[in-house]
Amino acid sequence: MPRHKLIASESDVSIEVDEGKDNEFSLYYVEVEENSKGGKEKQATRDGKRRRARNGEVSRRRASEKRTTNMANKRAEKKHEKHHKTTRKEGERHRKRQRRRIADEEEAEEESSKEKKNIKNERTKTLKLEDEKEKDVKKKRKKHVKNQEDDANPGKTKQKDCQDVPLKEKKKKRKKPETTSESESQSESQSESNSDSEAKDNQAVGVLGSLTPEELEKLKEAVDERKKLITTIKGKPWPMKKKLVILRESQEFVEKYEGALGKGKGRKLYAYKVLMMKKWMKFERDLENFKTACIPWEMKIKEIESHFGSSVASYFIFLRWMYGINMILFGLTFGLVMVPEALMGKPYGSMPRKTVPREEEASAMNFAVLWDFGGYAKYSVLFYGYYNNQRAIGWLKFRMPLSYFLVGVGTVAYSYMVVIRTMARNANEEGGGDDTSFNFSWKTFTSWDYLIGNPETADNKFASITTSFKEAIVEEQESRKDDNIHLTRFLRVLANFLVLCCLAGSGYLIYFVVRRSQKFALEGLENYGWWERNEVNMVMSLLGMFCPMLFDVISTLENYHPRIALQWQLGRIFALFLGNLYTFIIALMDAIQLKRAEEEIVKKNMTIWQANLYNGTVPDNSTAPPITVHPADVPRGPCWETMVGQVLGKSSSEFVRLIISDTMTTYITLLIGDFIRAVLVRFLNNCWCWDLEYGFPSYSEFDVSGNVLGLIFNQGMIWMGAFYAPCLPALNLLRLHVSMYLQCWAVMCCNVPQERVFKASGSNNFYMAMLLVILFLSTLPAIYTIVSFPPSFDCGPFSGKNRMFDVIQETLETDFPAWFGKVFSYASNPGLVLPFLLLLVLAIYYLQSTSKTYKRVNMELKKKLQTQNEENKKKNKLAALKAANELEQARKAGEQRSNSASDLGVNEESSSLDEAGHHRQAGQNGRLIHPSQSQHAQSSEPPVSSTHTTTRPPASRSHTASGHLPGTDGHALWLHCQKNGSQRGAGKCHGLLCPV
Amino acid sequence: MGGTSTKLPKDLLSEYQELTFLTKQEILLAHKIFSELQDRENGPYSTRVSMEKILTLPELKSNPFQKRICHVFSTSDMKDGSLSFEDFLDLLSAFSDSATLEIKSHYAFRIFDFDDDGTLDARDLEKLVNSLTGETDDTRLTAEEMRQLISNILEESDIDKDGTVNLSEFQHVISRSPDFVSSFKIVL
């Protein structure tokens, strides 16, 4: 009956192999049941092993063949399983008989070669040896089982459980294959069931605490495998139903077996450990959930992301990141500087620096003054000047000046750390760098942004993808022919020249304006109008508004690729802002010098004033000078630190004002530019002569890069001024908070997404790099002023000291033991510091060079892997092709042979169309009928390696056949090498080897 | 799953958490949205939501691959692209933030494989490009451009030169892309 099935369906090979094999099995089993009765359990395990090995063999061979339909396979499997269950035990008995039969055959076949005989004899010998070994093992097992039966019931129940589980496991494994080839899974399930049956035995023994280490290992492996499956199951592309079933079964399995793994006393501990692990996992998951729930504005950003794509969302994510940083900066300054001073420091009005001077008192509460951070705002904890130089304040003995200094340093250090760490992480994620070898494929496979949920955005995206395709095609064509390179080069140089002119001009303009405003400030702002007072801000805002447009126009000259053009644009705007910032800083430095000169004068005047005071009042009592002067009346220095906090003029805090005016302009332009425009366009559209929505005014886009730049520069200001105005982080926090909501709202209601695609992931580190540059540039002047200028004599926590950092030395001297100060002074000796710096530089150099080498090695390895991969694939392809050819030819030859030759033995000469096909045939026939010829064929096998791997040469075939069930093996092999095998060949095969 | 039941059983919820890349909140949100869709469906006891209903979700409304996505994730026997809640969760999981590149690329491949034959051949690619460029005439590529584009794609990613892109080749290409993971996302 296997025969007729085989003949019936030659198209679907592997199924038939399964079925045929099964049927054969059943045939054997039936026979066995009739004939033999003893030694039932003896060879169960060996049989299993055998079958496993054979199945592996078959499946490996079959893997190259066509994948089969699920239905048929399931049918086959079911049958197989049934046989497997019912006749597993009897299975091996017939083996013996079979062996005997084979021996008989050997005897009967007088013409069979001696070699073959030898091989078979050897095989039987080894099998016998195995038998003996197994007998021993079985004896031992029986003992264990007896023990167990004597011992207790729990073990039995456990055993039962275990028996149940393997069945489930089998089923589970059955369901799994969808991606892997069916045959593989089958063998897997076989081995699985096998190991399960072994595990079952083991389990019974294991309960008694006498597991052999090998078996224990196996069980552990099985459990670990399940655990691994549980953790990785979410990464499997299966439908949920299957995943659910597998998860539940695996969990059950793990639960059941895990506890049994430990021995004796350890078991309880182990179970406890497992329990705790589970609890911990649950806790971790909950924590994860909690964490995601805690991320602010997540839903808002996701909403924007789904409407506008990831590029707009990247701005908001950046904004949120900035918010986080500012939160920490604010926490530092607020918790360690502002709150202690407000709570424990001397109250307002107790001393001159904490009091509004008499001449300002009248206007100190005016809103305009407060708005400019003058008046009461200036003489409060918000600014440097308010702080007292008292070493320790309050009952806590809080070291105020030290705290102030350290917080200032800590803010900068923290910012550096965070920015650099984020950059490093981003760089890690980006990994191998740019690989332009898949330009087109990426465009097709990855260009759609699945987050887009807005039809308008989708239309834009369609358009941008089309243009990018077209561009890429054009580029590809153009890269082949040479463009007029000189013209583009000239244009690019020209564009850069123009941009440089622009930058220089705007820089000069700012410098000029700042100078002028200094002059105004000296003469008193009251004499001038609104324009003069706000000239600097206005000029800077205007420049920031118009220069980018100018750059945009200029950049059309350059004819760059859009993405590169955008980077240039960003870089130029950045340079413009940078230039502005730096001219601003230079002006600031000038102002500081001026203030310090003024301070000198005030100092001299002070002594005169004091002398006058004493002269006027002292004569009565000579000892105690009555300082009854109200602190508001005391003359004071200009306090350049507060001035830096407020930059120019006594009444304005420039940084804050800059930020606020910046914010105001942003919002006003936003309101007027975007909202009103949107409203106008929307409502006038019905009664206008052209389509306003798509025509000229249209809606405005959300300008991601511009906003990011604004954010970055704003942050730079904060960093620069944070030391002199502790309130700045708080202010920035407020600003960010407001802009988060306002911009979210603005984006959702009156913006359309940009047409230009700006890839979010690629630009993230670009933003970060700019932020780092800004951070460096803005901390530079702050550090310079701290280190090189002496603090004001009558304001701030460091007043009276020569330099601000003297506070460290003072603390060392007074608060630490003497030896510490000594050690510190030795350590700060230039003789030690310089070598240390040198060492640092060397270390950096070394690390950098090693990282470079690693990178190179990495790249090389990647390349190697890639080429190897490609080569392998090519090779496989080639081999498969060759094998297919050979099969084809073999088939042809077979047909020819069946037509021409009536005698199978003489085909070696008759069918000599092709070498390989010829050998195949010869080998096959030789093995089945004329072993001597097979040897002959083997010796003349051409040394082609590819045939070796894909199709089995006769030599190895005869070897593998020796260790397996001859009938099925020959069967499978035969099928393998001759897919459409002729009826006669099959008949021959079975006629020879099947027991019928 | 249980028809109109507005609450997910707790153990099922935790199992879903194990099996997907979604957090608890996301699963609950998905369940809410799904039950809303279900309510509009005929009869409260059908566990599936037809493709048309699914496609009314704003997240999928303007996606050019909407139908393919439904078909790939649907386990319906009718091949009508209708989704059960579990299919829906599968979809969201594959498109979630934390899903691995492997699973994302696997599903992307199946989405792009329009004729479900396991490889991306020239016809699949043409359909893919047409979906990406939209349906209007002014955005559509000309035949010549299309030919060039497809030959370029195959030149790059068809490593074994058999005229089609198979899954492993596809994953190879995708794994090097800097922004596939960030763009292959759908959030509710």
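Reckoned from all heavy atoms, side chains included, excluding hydrogens, waters and symmetry mates. Chain letters run A, B, ... following the sequence lines, proteins first and then strands; every chain starts at 1.
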Checklist outcome for this item: Applying a strict 4.5 Å limit to non-hydrogen atoms, the region of Leu154(B) in contact with chain A is neither

Checklist entry - For Leu128(B), is it the side chain, the backbone, both, or neither that has a heavy atom closer than 4.5 Å to a heavy atom of chain A? => result side chain

Item to check | Residue pair Ser96(B) / Lys185(B), side-chain heavy-atom distance below 4.5 Å | outcome: no

Item to check | Pairs of heavy atoms under 4.5 Å with chain A: top-ranked of Ile153(B), Ile103(B), Leu19(B) | outcome: Leu19(B)

Checklist entry - Non-hydrogen atoms of chain A under 4.5 Å away: do they reach the side chain of Leu60(B), the backbone, both or neither? => result neither

Item to check | Heavy-atom proximity to chain A below 4.5 Å, by part of Glu26(B) | outcome: side chain

Next on the checklist: For chain A, which candidate among Glu145(B), Lys104(B), Glu15(B), His172(B) shows the most heavy-atom pairs at distances under 4.5 Å?
Outcome noted: Glu15(B)

Checklist entry - Among Phe170(B), Phe180(B), Phe109(B), which one satisfies ring-ring contact (aromatic ring centres under 6.0 Å, His included) with Phe445(A)? => result Phe170(B)

Checklist entry - Which bit of Phe73(B) is near chain A, if near means a heavy-atom gap under 4.5 Å: side chain, backbone, both or neither? => result neither

Item to check | side chain to side chain donor-acceptor pair (under 3.5 Å) evaluation trace for Asp87(B) with Thr75(B) | outcome: CA-CA 7 Å; Asp87(B) 299 338; Thr75(B) 53; 2.9 Å; yes

Item to check | Side-chain donor-acceptor pair present, Ser14(B), Gln17(B), cut-off under 3.5 Å | outcome: no

Item to check | Residue pair Asn166(B) / Thr119(B), side-chain donor-acceptor N/O under 3.5 Å | outcome: no

Checklist entry - In terms of heavy-atom pairs under 4.5 Å, which option from Thr23(B), Thr142(B), Val173(B), Leu57(B) contacts chain A the most? => result Val173(B)

Checklist entry - Checking Thr20(B) against chain A: side chain, backbone, both or neither under 4.5 Å from a heavy atom? => result both

Checklist entry - Going through the distances and angles, do Asp90(B) and Lys243(A) end up as a salt bridge (Lys or Arg N to Asp or Glu O under 4.0 Å)? => result CA-CA 10 Å; Asp90(B) 269 336; Lys243(A) 282 197 282 186; 3.3 Å; yes

Checklist entry - In terms of ring plane angle, is the pair Trp448(A) and Phe65(B) parallel, tilted or perpendicular, where the classes change at 30° and 60°? => result perpendicular

Next on the checklist: Between Phe112(B) and chain A, with a heavy-atom cut-off of 4.5 Å, which part of the residue counts as in contact: side chain, backbone, both or neither?
Outcome noted: side chain

Item to check | Under 4.5 Å from any heavy atom of chain A - which part of Ile69(B) | outcome: side chain

Next on the checklist: For Phe34(B) and Phe88(B), take the angle between the two ring planes, folded into 0 to 90°, and tell me which bin it lands in: parallel under 30, tilted 30 to 60, perpendicular over 60.
Outcome noted: tilted

Checklist entry - Between Asn63(B), Ile186(B), Val129(B), which shows the greatest number of heavy-atom pairs under 4.5 Å with chain A? => result Asn63(B)

Checklist outcome for this item: If one checks every heavy atom of Phe184(B) against chain A at 4.5 Å, the contacting part turns out to be both

Checklist entry - Which region of Glu18(B), side chain (C-beta onward) or backbone (N, CA, C, O), has a non-hydrogen atom less than 4.5 Å from a non-hydrogen atom of chain A, or is it both or neither? => result both

Next on the checklist: Apply side chain to side chain donor-acceptor pair (under 3.5 Å) to residues Ser151(B) and Gln148(B) and explain how you reach the verdict.
Outcome noted: CA-CA 5 Å; Ser151(B) 76; Gln148(B) 177 129 26; 5.8 Å; no

